Amino acid sequence: MNTKNEKKRFLEIGGVQTVIASLICIILGLLVGYIVLLCINPAGAWDAMTSILKNFLYFPRPEVALEYFGSTLAKTAPLLMCTLSILFAYKVGLFNIGASGQYAVGAGLALYLALAYQMPWYVCMIAAMIGGGLLGGIAGILKAYLNVNEVIAGIMLNWISLYSVNMLLTNVKESSTTYTMALKTNSPDALIPSLGLDKLFSDNRYVTIAIPLAVIIAILVWVVMSKTKLGYELKATGLNKNAAKYAGMKEKRNMILTMAIAGCLAGLGAAFLYLSGIEQWSCAQTAVPAMGFNGIAAAFLGGLNPIGSIFSAFFIQHITSGGSYVDKMVYCAQISDLISAIIIYFCGFVLFFKYCMNRKAKK
Amino acid sequence: MALLLQYTLIYASVLMLVALGGCFSERSGVINLGLEGTMVIGALGGALVMKYMGDLPAALMILAVVLGSVIFGMIYSLLLAVSAINFKADQTLVGTAMNLLGTAAATVIVKAINMGENVNNVSSSIQYIDQRKAFSAFKIGNFEVSWFMILAVILLIVAHVVLYKTRFGLRLRACGEHPQAADSVGINVYKMRYAGVLISGFFGGLGGIVYITAGVSEWKFENGVAGFGFLALAVMIFGQWEPKLIGLAALLFGLFRALSNVYSGFDILEALNIPSAVYNMLPYIISLVVLALFSRNSRAPKAEGIPYDKGQR
Amino acid sequence: MGEYAVEMLHITKRFPGIVANDDITLQLKKGEIHALLGENGAGKSTLMSVLFGLYQAEEGEIRKDGKKVEIKNPNDANALGIGMVHQHFKLVECFSVLDNIILGAEPVQGGFLKKDEARKKVMELSNRYHLQIDPDAKVENITVGMQQRTEILKMLYRDNEILIFDEPTAVLTVQEIEELMQIMKGLAKEGKSILFISHKLNEIMEVSDHCTVLRKGKYVGTVETKDTTPEKLSAMMVGRNVSFKVEKKPAEPGDVVLDVKDMTVAGQNKKDAVQDVSFQVRKGEIVCITGIDGNGQTELVYGLSGLEPLKSGSIHMNGKDITKASVRERSTSGMSHIPEDRHKHGLVLDYSLEDNLVLQRYFEPQFTSKAGLMKRKEIREYSDRLIEEYDIRSGQGSSTIVRSMSGGNQQKAIIAREIDKNPDLLIAVQPTRGVDIGAIESIHRQLIEQRDAGKAVLLVSLELDEVMDVPDRILVMYEGRLVGEFKPDEVTVEELGLYMTGAKKQEV
Amino acid sequence: GPSKSSQGTGNSDYRVAMITDSGDITDQSFNQTTYEACLEYCTENNIDFTYKKPDGDTDYARIAMIDVAVAEGYNIIVMPGYIFAPALVEVTYKYPDVKFIALDMTAGDIIAAAVGNKYYENPDAYEASDYYNVENTYCAVYQEEIPGYMAGYAAVKLGYRKLGFLGGQAVPAVMRYGFGYVQGINDAAKELGITDQIEVEYAYGGQFYGSTEVTAAMDTWYSQGTEIVFACGGGIFTSAAEAASKVGGKMIGVDSDQSPIIDAYGEGMTVTSAMKGLGATVKAMLDSIIVTNTWEEHVGKIENLGLVSGTDMDVNYVGLPEDTTQWNENFTVDDYHELVRKIYDGEITIDNSTEKMPEVSVKVNERQGSIM
Ligand SMILES: Nc1ncnc2c1ncn2[C@@H]1O[C@H](COP(=O)(O)OP(=O)(O)OP(=O)(O)O)[C@@H](O)[C@H]1O
Ligand SMILES: Nc1ncnc2c1ncn2[C@@H]1O[C@H](COP(=O)(O)OP(=O)(O)OP(=O)(O)O)[C@@H](O)[C@H]1O
Ligand SMILES: [Mg+2]
Ligand SMILES: [Mg+2]
């Protein structure tokens, strides 16, 4: 009886429910993915699945595995920022599908300042943040004053940003390729410092302070959302903007501020990636950066909790990276996209499972 | 000029069809952000029909292609219906996942098929050079009218009639505006929303096949549909969720899209020497401006995006 | 064929954590009006929803004309001739009245709507029952009264024999209520059986033949209306005697607190909603602004509270010009506002009770540290105190999500919050709308306590009992202007009505 | 896992892995040709072969795939594309026992990858061999400007006056083809004294596949009188062929003799193709390592693969297809042989820079930015 009650109470804790719900979604996603693999080629399915799940552990030598663990972390940092961007807006009742565009603008400004003006990393980073924030702010203004749905505005701004950034960065691309110049050789000051962190990951130079910074920001977002006056106001605005206005909050300003902060987070995410030197921007890019979309999935998988996002962002990045280890002679390259898309699809059910558990616990 | 008109109509047909799909779904209360993915899957359905039934007489083949794409589109849209209607999943997330899934799934399937036929053929393309010729209805000089353009116009009219003149339309719209009210007069909201989403799959799938056969005789499924699904959403909003206006909006957007491709045919435009990125951005910039101007009194279905829970009041 | 049109026998309906209907029996005779009475949350709407097929009862049975029936959904109910006007209207706003009436029962030919046929039938019904409507008007543009008539026509259109009215009068004006009573009586005379829910005992006394009382989900009893009194009914419902007459001493007005001069506020349409309104409210008095809904009271309050800007005119509070002040500035300089629509403005429904209780003061140093962190412990203590003092009932105390609270308790929370701010001026708009009589009594008492403590109270109400009993001064509003000023004991309800409908006017 | 697949089924100590660049092995171009050549060679010789596709278009991802391949026990790595320069700089020292074959890789690419854009300020100050392991790496670059030149020259000689160039993305190989083409057109026009009659449309599609958008642009060209388009960039030819088929326009293929596939759109559409022997090189190198043991002759070199002989067409890495080119009396096979000789002998020089459009006297309408 007693244990039953304890069990019940344990299940009632929101965090526990979220974790269980997320795990169910992951397992379902993997299961369906596995079935798809079986359908296409039963012989390689198990190997493919384990490669995806192992990711860096695919390397037998621990120091190499460690190095690639570092790389996965380095890519998790920007994804986490996009996740936070989406989550932050979502908590305030706004869907920031424009994270991709804000991310693109962040990348554009960071790289342009780095390569055209040889600015140091922190300047580039702040510029990326401001750039993303401005773009987010535009969506916020359109929403607050002109009632433009932020999802549609976000989608439009994504494409506009992509083309604009391509045009801007064409000025700092390598002369014989479509990529922006490498920071390591052309603007080393713009690289985010490692402060020795790289040593922990077999000298992986992409492991920078961006990683701990991202985690700190996640915690900060959590504190702001749940502990501060600002969070209280923003959430109130999101839940009922009329009530917010009635309570003397500046509901329009809050809406714009929310989108601007969300934009800052996404823009900063781009800085985390591009200023680590791990990637160069291709000026011939015709697709909106996927980071923003993956962020949506990670946000839901993390139960819309900033701390949960740290883990969900890592997981999404983990399987995305893991996808590249699938034997391409057995499965085509897109199979890993397929598996992660399936998992993302199942992330949509997190809230449902949570709701079910809630009901069960209450009964 | 003929070319501009031609491509305006081509793009307008695609946008119109897909936007109508979005319209039916949203009118029933479900936001379908996954139209991009639905287009890819619909295109896959049509392309497979062309691949395997290309020998049929032209008329039958066209019919089969249309059927193939709409069936694929509808089945794919079930992903949204099940999750959003039965499981109350976040529609924006599911739509996004569907877009990612559509391209990946289509590519994997086509590659599996191609490799099944010839181990060394790892391409994700399906070719339909001869089949495509059947889609051309008639030609006036340089200007070619395809059966799909005609179909798009017919479906536009049908959509209008269905939405405003039939019992089904009235009920569908009620579910998107006030599902509780619909429920209280005995309308099965879940069923109507399923219908709305399936119709959006129908249109999305059809739009997909029209898009990939519009200007090429071979489609590489890795490449998706280049943001057309998203553009169609803008057309839908610009068209205020009304078929008639969607038709006009599609023409406008189609014009700008076409202009960006054929501007070199106009000496004035060519002399301006504007980078094509600017032309590419134009439809998006214009839709944003238009949205900013006209959204104040947006007539979006009131209950769209909100999962309907029978038990909740 | 028995004498009952419908019988609900031993109905039990549970929701997670609560038995909403516990073994309830209700028998509706043919051609009668049967009232259903109970406090907020007593289970009235639930019982009716069971009858209408929106919910399924766990236990008990429903009989129609003596035969057991299964009602699984509104379609089944319709087939049995049961119709319902819901507490919150279920009308599609952007549809025309006609479309709303036929929705779900459309006449069709091959799937196509036969609107002309429908229109003919609807207009016939409209004429026969004197239910004035404009079939082509969009619901969003018509008055609440016409919406109500639309809902009634919806039932009649379906040839329903059993009509359920769930709190139909809560949103109507006096005239409209009177009209509705006549319509109901007419329908009953035609042989239709009516179930009628209301919190207003005088209405129940006027129209009903029987009255069934529920309390906390349980059946208390059924009485013949002509054999009972309002006092007896309220005792049955609350379990104690409720006093209807508000006890109060004469007012002792002091300095002017609120001084409004030539206030004009823009309306939804071209016409200004409030035109050149001037009045004052003093310390220690309750001034009531009344009028038929839609005559500018809402906008007047928006203007006073800063939710809408003024087009012209000025507002002074305690001698200070606050015409251009923000909502927050007005609030911090001593204005409290109990809003008309508690769900739209008054509450963040998905916030906890404690978060709602500090909605107007969360930024004060006692609740927020200099660093911007919320002082959770202090907030909890404050909230616990208010809950205790104002008897706000809820499942989990301070941490209850407000959405799950009953309407009456939601209202109490707002009142507690606004009064505890210790304002100089309390603006209370429809503070008792939809609230049961026990709660009404306590709200009225609190308003008068405020007055006696030397505060200025501006009451906006269209509940005539409230208008006559609570204030010291009454101002009547008609088409955006003040058209009459009275002392409650120097005016009759009928007289007020004439002013409210614009038949009479005086310079104010 | 790697341990499992390292017990290969091949009967050789060598195991070959190819890494794709930003495209996939289905790009109807670079990756695909390389992939097919490797696969064919390895299948014939019963050698383990695999390919890896990086999970992103980044140096990091490419290096990761090389790491994986090496970890799995592959010891010949084939890398198609200049884009691998930074990877090359990084991995050739890291894996001294592995052999690397880099295609389309110039010394400039390697130096720029190592030192950045300052290379371009003073190109002569650097030596590529300082930046990668010459002990285990072979690089080859094709002189695409030569077949490009030949195609342009031939087209004008064959009687075409309004010509077009449709590139994929503006990458060096494509640009070399294009700029060579323009130079060829110009020289032929000068010889015929008709520079004022010639007009060249010049654009990049921005992608390596055909689409409605590109078809629309091609329709515009053909409808305005363009007679022949050199489509140079993977599957982008499908758009040009589509447009050509409507008006009986002509095309020039690229990389291999494309007449069979382009002619599917219309009989006799393909006038000629500008070819380079990518596949042949891959096979030759693999053969030199695995069978003939002549790797030592190649390793450490950055070879410019173009014309090897002025007379023997079969040994050249670049050229036009003699069987399918639509020769006529104005330009015969013999005229072509003469052209090859002149280029080989240096009588004709072709600029191979990709910095900017060559200075020519014919009219070139270059489109700002790419079509997509
Ligand atoms: N959908 C629901 N889910 C959970 N609980 C519910 C639901 N509907 C009603 N309840 C519970 O059932 C009880 C009875 O509610 P009901 O709506 O019948 O009250 P009522 O008598 O109509 O009150 P009011 O006078 O305020 O309209 C409520 O206290 C509530 O807690
Ligand atoms: N989703 C829900 N979950 C739990 N209880 C609910 C829910 N919705 C309503 N209730 C309960 O049902 C009862 C009646 O709700 P109802 O919507 O009729 O409000 P009300 O009390 O009549 O207020 P109002 O006068 O504003 O209509 C309340 O006690 C409320 O607690
Ligand atoms: Mg009720
Ligand atoms: Mg009520």
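As the structure is a computational prediction, the values presented were derived from the model and not from experiment. Here is how names work: the chains are called A, B, and so on, in the same order as the sequence lines, proteins then strands, and each is numbered from 1.
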At a 4.5 Å cut-off on heavy atoms, which part of [X] comes close to chain A: side chain, backbone, both, or neither?
X: D/A61; result: neither
X: D/M65; result: side chain
X: D/Y120; result: side chain
X: D/Y35; result: side chain
X: D/F49; result: both

> From D/D57 CG over to A/E279 CD, what is the distance, rounded to the nearest 0.5 angstrom?
Replying inline: 7.5 Å

>> Rounded to the nearest 0.5 Å, what separates atom CD in D/Q169 from atom OG in A/S282?
In response: 6.0 Å

Does any heavy atom of chain D fall under 4.5 Å from the side chain of [X], the backbone, both, or neither of them?
X: A/Q285; answer: neither
X: A/K75; answer: side chain
X: A/T170; answer: neither

>> Parallel, tilted or perpendicular: which one describes the rings of A/Y68 and D/Y60, with boundaries at 30° and 60°?
In response: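 Tilted, since the angle between the ring planes falls between 30° and 60°.
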
>> Applying salt bridge (Lys or Arg N to Asp or Glu O under 4.0 Å) as the test, list every pair that has at least one member in residues 116-132 of chain D; sequence neighbours left out.
In response: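 Listed once each, the pairs would be none.
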
>> Looking at A/Y117, I want to see if its OH is surrounded by more than 12 non-hydrogen atoms of other residues, nucleotides or ligands under 6.0 Å.
In response: no

> Is there any residue in residues 179-191 of chain A with a non-hydrogen atom under 4.5 Å from a non-hydrogen atom of chain D, and which ones are they?
Replying inline: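 The list, in residue order, reads A/Y179, A/M181, A/T185, A/N186.
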
Looking at [options], which makes the most heavy-atom pairs under 4.5 Å with chain A?
options: D/I25, D/V171, D/T50; answer: D/T50
options: D/T354, D/I63, D/I83, D/D109; answer: D/I83
options: D/P86, D/A64, D/P54, D/A113; answer: D/A64

> Are A/Q280 and D/T58 close enough that some pair of their side-chain heavy atoms sits under 4.5 Å apart?
Replying inline: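 Of all side-chain heavy-atom pairs linking D/T58 with A/Q280, none is under 4.5 Å.
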
> D/K53 and A/S324: which non-hydrogen atoms are nearest, and at how many Å?
Replying inline: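 So the minimum-distance heavy-atom pair works out to O-CB, 4.3 Å.
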
>> If I compare all heavy atoms of A/T178 with all of D/Y82, which pair ends up nearest, and what's the gap?
In response: N-OH, 4.4 Å

> Step by step, would you call D/E90 with A/R205 a salt bridge (charged side-chain N to carboxylate O under 4.0 Å, His left out)?
Replying inline: CA-CA 13 Å; D/E90 200 154 318; A/R205 67 169 181 275; 3.3 Å; yes

